[in-house]
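Start at 1 with the first residue, then count along the sequence. Order of appearance sets the numbers: ligands from 1, and atoms from 1 within every ligand. These figures come from a predicted structure and were not determined experimentally.
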Amino acid sequence: MKGQKALMHNIAENINRLMADLHREVTVVAVTKTRTPEEALEAYNAGLRIFGENRVQELASKKALLPLDITWHLIGHLQSNKVKQAVAAASVIESVDSVRLLRIIDNEAAAQGKVTDCLLQIHIAEEETKTGFSLAEATETDWGMIAASLRSARICGVMGIASFTGDMVTVRNEFKTLAGLFRQMRERYFARCSHFREISMGMSGDWQVAVEEGSTIIRVGTLIFGERIKK
Ligand SMILES: *Cc1c(COP(=O)(O)O)cnc(C)c1O
């Protein structure tokens, strides 16, 4: 498609357009997976400072090549044997999908003498393949007790991926569900916790709906860099 080809060559322009359309309080994570360091640097030069990768190895190797003042978010499933590398390279792990993983991150962050901000990934989509806590699990867990037992991992909010569908009614309902869960958790367990404040939802195809439903972080790849070449 002509439009998409044009997109690929105008990273700065795409970012400017997005920022003009976006409320200033919403954080943009530029998702650089499959992109070259040069493309990522273009996004950096256009003003973005928060980048996301879904694989630890790709995050670490890109981080090593790019400016030091970039904040890196891990947004993909994290295996426990890669936690050490994830904690070393990422400031925020958005894809915490079990309490066990949260505790491993906590131990590793303590060992490395740092604080790792974590988001709890919640399964809100229809597809079964997407990882995360089920709504039932998230609702039944005593997050207050868990948060109190952590030393170096901080629970900063929730993350979710909506169904892969053009049906924006479904997508909006999923975002509403996630925002509702966030508010309930904040009220019950994090009322005195100022860092529990993030709802990471919205990608290239649905960020506007997500922001309307209260998103504080959007994770955008295609809209900035163009279509990903499928491997
Ligand atoms: C790839 C990815 C994104 C970005 O997707 P786009 O549709 O390219 O904006 C956002 N979040 C997660 C978890 C991803 O894996």
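A donor-acceptor pair is defined here as one N or O able to donate and one able to accept, closer than 3.5 Å; such a pair exists between the side chain of T216 and the backbone of I199. Under the 3.5 Å distance criterion, the side-chain polar atoms of D106 are matched with a main-chain donor or acceptor of A153. Side-chain atoms of Q112 come within 3.5 Å of backbone atoms of K84 as a donor-acceptor pair (strictly under, hydrogens ignored). When atom types are taken as modelled, the side chain of D142 and the backbone of M145 share a donor-acceptor pair closer than 3.5 angstrom.
Atoms of ligand 1 lying under 4.0 Å from any heavy atom of T222, numbered from 1 in the order shown and given with element: 6 (P), 7 (O), 8 (O), 9 (O). Taking a cut-off of under 4.0 Å to the non-hydrogen atoms of G221, the atoms of ligand 1 that pass are 4 (C), 6 (P), 8 (O), 9 (O). Remark: ligand 1 atoms within the under-4.0 Å shell around heavy atoms of V220 are 9 (O).
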Stepwise side-chain hydrogen bond (donor to acceptor under 3.5 Å, both in side chains) test for S200 and E94 = CA-CA 8 Å; S200 176; E94 295 203 17; 2.7 Å; yes
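By heavy-atom distance, the residue among R228, K33, R219 lying nearest atom 11 (N) of ligand 1 is R219.
The structure places CD of E137 at 10.5 Å from NE2 of H123, a figure rounded to the nearest 0.5 Å.
For the pair I75 and ligand 1, a heavy-atom separation below 4.0 Å is found.
Summary of contacts: the protein heavy atom closest to atom 5 (O) of ligand 1 is M203 CE, 3.5 Å. Considering only non-hydrogen protein atoms, atom 9 (O) of ligand 1 sits nearest to S204 OG, 2.5 Å.
In I161, the part holding a heavy atom less than 4.0 Å from any atom of ligand 1 is the side chain. Residue-level proximity to ligand 1 for E94 is absent, since no heavy atom of it falls below 4.0 angstrom.
The local environment of CZ in R55 is sparse, with at most 12 non-hydrogen atoms from other residues, nucleotides or ligands closer than 6.0 Å.
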